[in-house]
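Notes follow once the structure below has been shown.
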Amino acid sequence: MKRITAALTAFAAAFSMLPMLPVETANAYDAEFERLLTTEHFPESYKPALRELHEKHPAWVFKSIETGLEWHDVLDNQTILGKSLVHTSSPDSWKSMKKGAYDFETGTWYGLDGDKWVQASDETVAYNLDPRNFLDDDNVFMFERLSYDPDVHKADGVTAIVKGTFMAGDYTCPDTGEVKNYTETFMEAAQISGVSPYHLATSVRLEQGVNGSPQSLGTAKGFENYFNFLDIQAYATATLTAGQQGARWAMRTDERYLLPWTNQYRAIVGGAIYIAQGYISKGQDTYYLEKFDVIDGGDGYYNHQYMTCVTGAASLASMIRRAYSDEVYEQAHEFRIPIYNNMPEKACPEPGVTVSDNALLASLTLPGYSYSPNFSPYVTEYKLEVDSSVDKLTVWAKAADANAKAVGYGTWKLQYGENKVEVVVTAESGEKRTYTVTVTRPEPKAVKGDVNNDGIVDVVDALTILNYSAGKQSLSSDAVKAGDIDGNGYADVIDALTILSYVSGKTKTL
């Protein structure tokens with residue numbers, strides 16, 4: 001015990017000798033940063049993460065981009081089919097079940113950019129669109145400006161990015177036979193275009209993969225020895241793959257961008273110039289803004305987007321972070337972070353990775369009846385009109401996913417007027433989808449004398465009234481109303497005799 005006490009005493013003495021920042025200086029320092037947060041109009045939900053980043057990296061500078069756009073408007077535009085994609089290897093909960101995104105009959109997703117990229121779910125888009133999810137040491141680099149800074153961007157960083165890929169080392173230009181180096185080419189492209197070489201190298205690595213693609217290897221079938229490293233205008237068509245389309249685009253002539261791209265050097269440098277003029281100069285000067293076009297650079301919003309991969313900005317940010325040396329990492333980086341109007345109170349959560357969001361029905365059947373429109377897993381509203389005599393309806397329903405549950409099948413009682421028959425499907429993740437059939441049962445039209453409602457007035461109706469009067473049979477209020485020929489409020493023997501007289505032809509009308 002004495003040894004512990006002595007050790008604590010020695011620690012306290014040593015601690016007291018350490019240089020301490022005066023309290024008033026520390027408070028002033030924090031107050032200055034708080035004034036910055038206020039000046040930049042960062043919402044309260046942004047501030048905790050920014051304070052933490054500032055404490056760790058005091059040289060970093062945070063600027064807001066006040067887009068003036070409504071959050072839900074932006075989300076609606078970013079979830080349009082084909083605009084935000086995920087790889088087929090992604091968890092199912094990251095993929096959309098929208099019409100046109102998912103093939104219900106085969107249980108597979110449609111490839112929207114080749115066969116490896118499919119529509120992202122709305123929840124996945126919301127997560128990646130929400131800047132608050134990426135205010136950490138690595139992901140914040142999706143908000144860093146992409147202009148070339150020779151004091152920050154070094155050849156060693158580019159080499160670190162391309163290490164282990166097809167770009168690690170030299171290449172031979174197929175048209176000139178020159179031998180060049182990929183790292184040196186990216187550095188030269190940065191100097192010419194003004195775009196960060198880290199941005200260029202990470203973009204190519206993301207687009208082309210570790211081993212390269214036909215458009216970066218010059219092997220696109222029918223378009224050999226044409227290159228398109230940045231996948232500019234590279235998209236699949238009915239007759240061409242994305243790689244072929246990109247290589248085909250590279251065949252055009254435009255000396256502004258060193259086109260045609262008949263070798264690797266021309267494609268990388270020319271592509272950098274294209275990116276600079278097409279994106280950086282229009283204000284889309286961060287990875288985030290290249291993915292999400294929320295800056296009007298003279299061409300509106302949402303449509304001028306460099307990548308469709310919804311996680312692309314985060315992937316590129318991670319690569320950039322790894323490219324920086326520790327010394328460069330702590331330098332005065334500037335981050336430009338978007339803000340939207342009426343954002344959710346809390347950051348949008350990432351969809352679960354182990355459960356399914358499939359809340360679709362495989363079938364919805366009403367035996368004996370045909371409703372409209374025809375059933376589709378993606379249509380949730382239907383209509384059906386039945387005869388007034390139908391007082392119940394059987395519903396059969398089956399969920400598309402074996403782990404989902406459908407509630408609402410079975411027998412439904414019908415009242416006169418509109419009836420809402422609902423089947424609710426709950427996915428494994430808790431996601432719900434409600435299918436509604438509006439069933440209309442009209443009020444019955446009482447026809448005098450037609451007590452049994454079979455469409456004719458005959459002896460059976462008279463006998464039915466006699467049995468009812470004798471207490472041998474019960475009648476509904478509608479049947480009594482039909483049998484009350486004399487209008488006294490009862491269906492009795494006199495009414496039965498009147499019907500018999502009408503049936504025999506002695507009475508012309510009832």
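Just so we're clear, the structure is a prediction, and the values are computed from it rather than from any experiment.
Ring centers of Y127 and F134: under 6.0 Å apart, within the cut-off. The ring of F141 has its center closer than 6.0 angstrom to the ring center of F335. The distance between the ring centers of W109 and Y102 falls below 6.0 angstrom. Checked against a 6.0 Å centroid threshold, the rings of Y257 and W249 do not count as neighbours.
A donor-acceptor pair is defined here as one N or O able to donate and one able to accept, closer than 3.5 Å; no such pair exists between the side chain of E428 and the backbone of A404. Of the possible polar contacts, none joining the S90 side chain to the V86 backbone as a donor-acceptor pair under 3.5 Å is found. Judged purely by atom type and a 3.5 angstrom limit, R132 uses its side chain to pair as donor or acceptor with the backbone of K346. The backbone N or O of D73 sits less than 3.5 Å from a side-chain atom of N77, completing a donor-acceptor pair. N228 contributes a side-chain N or O that, together with a main-chain N or O of G246, makes up a donor-acceptor pair within less than 3.5 Å. No donor-acceptor pair closer than 3.5 Å links the side chain of H57 to the backbone N or O of A59. Listed for the N342 side chain is no donor-acceptor partner under 3.5 Å among the backbone atoms of H72.
For the pair L50 and L135, the minimum side-chain heavy-atom distance is below 4.5 Å. In this structure, F292 and Q78 have side chains that are in contact, with non-hydrogen atoms separated by less than 4.5 Å.
One side chain, Q208 or D231, offers a donor N or O that lies under 3.5 Å from an acceptor on the other. A side-chain donor from one of K432 and T426 sits under 3.5 Å from a side-chain acceptor of the other. No donor-acceptor contact under 3.5 angstrom links the side chains of S315 and S318, judged on distance only. No side-chain donor-acceptor contact under 3.5 Å links Q215 and S213. A donor-acceptor contact under 3.5 angstrom links the side chains of T183 and T159, judged on distance only. Using modelled atom types and a 3.5 Å distance limit, the side chains of D103 and T106 yield a donor-acceptor pair. A donor and an acceptor atom, one from each side chain of T202 and Y287, are located under 3.5 Å apart. Of the N and O atoms on the side chains of E188 and Y265, at least one donor lies less than 3.5 Å from an acceptor on the other residue.
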Check your understanding: Y409 and Y435: ring pair (Phe, Tyr, Trp, His ring centres under 6.0 Å), yes or no, with the steps?
Key -> CA-CA 11 Å; Y409 57 85; Y435 294 80; over 10 Å; no
**Study point:** From CA spacing to verdict: ring pair (Phe, Tyr, Trp, His ring centres under 6.0 Å), H199, Y148
**Key:** CA-CA 9 Å; H199 171 42; Y148 173 48; over 10 Å; no
Check your understanding: Does the side-chain contact (heavy atoms from CB on, under 4.5 Å) test come out yes or no for N303 and K83, once each step is laid out?
Key -> CA-CA 9 Å; N303 293 315; K83 187 158 289 187; 3.2 Å; yes
Exercise for review: Please lay out, stage by stage, how V294 and Y340 fare under the test side-chain contact (heavy atoms from CB on, under 4.5 Å).
Suggested key: CA-CA 10 Å; V294 294; Y340 304 101; 3.5 Å; yes
Exercise for review: Give the intermediate values and the outcome of side chain to side chain donor-acceptor pair (under 3.5 Å) for residues T286 and R336.
Suggested key: CA-CA 8 Å; T286 69; R336 302 176 67 236; 5.8 Å; no
Practice item. Show your reasoning for whether side-chain contact (heavy atoms from CB on, under 4.5 Å) applies to I320 and E144. Key: CA-CA 10 Å; I320 282 285; E144 184 182 23; 4.0 Å; yes
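Under the side chain to side chain contact (heavy atoms under 4.5 Å, CB included) test applied with Y371, the options L366, V421, T365 reduce to a single match, L366. A side chain to side chain donor-acceptor pair (under 3.5 Å) with T438 holds for exactly one of K383, E422, K420; it is K420. Of the options I275, L316, D285, a side chain to side chain contact (heavy atoms under 4.5 Å, CB included) to E290 is made by I275 and by none of the others. For the pairing with R321, the salt bridge (Lys or Arg N to Asp or Glu O under 4.0 Å) check across D138, D137, D136 returns one residue only, D138. Here the options are N181, V162, V195, the test is side chain to side chain contact (heavy atoms under 4.5 Å, CB included), and the partner is F186; only V162 passes.
Classified by interplanar angle (parallel below 30°, tilted 30° to 60°, perpendicular above 60°), the ring pair F33/H54 is parallel. Taking the six-membered ring for Trp and thresholds of 30 and 60 degrees, W60 and F62 have ring planes more than 60 degrees apart, a perpendicular arrangement.
Under 4.0 Å is where a charged nitrogen must lie from a carboxylate oxygen, and between E184 and K180 no such pair does. Salt-bridge formation is detected for the pair D122/K98: a Lys NZ or Arg NE/NH1/NH2 atom is positioned less than 4.0 Å from an Asp or Glu carboxylate oxygen. A salt bridge links D254 to R256: at least one charged side-chain nitrogen sits closer than 4.0 Å to a carboxylate oxygen.
When all heavy atoms are compared, the tightest approach of P338 to T67 is CB-CG2, 4.2 Å. Scanning both residues, F375 and L361, for their nearest heavy atoms gives CZ-O, 3.6 Å.
Judged by the 6.0 Å and 45° rule, K47 forms no cation-pi pair with F42.
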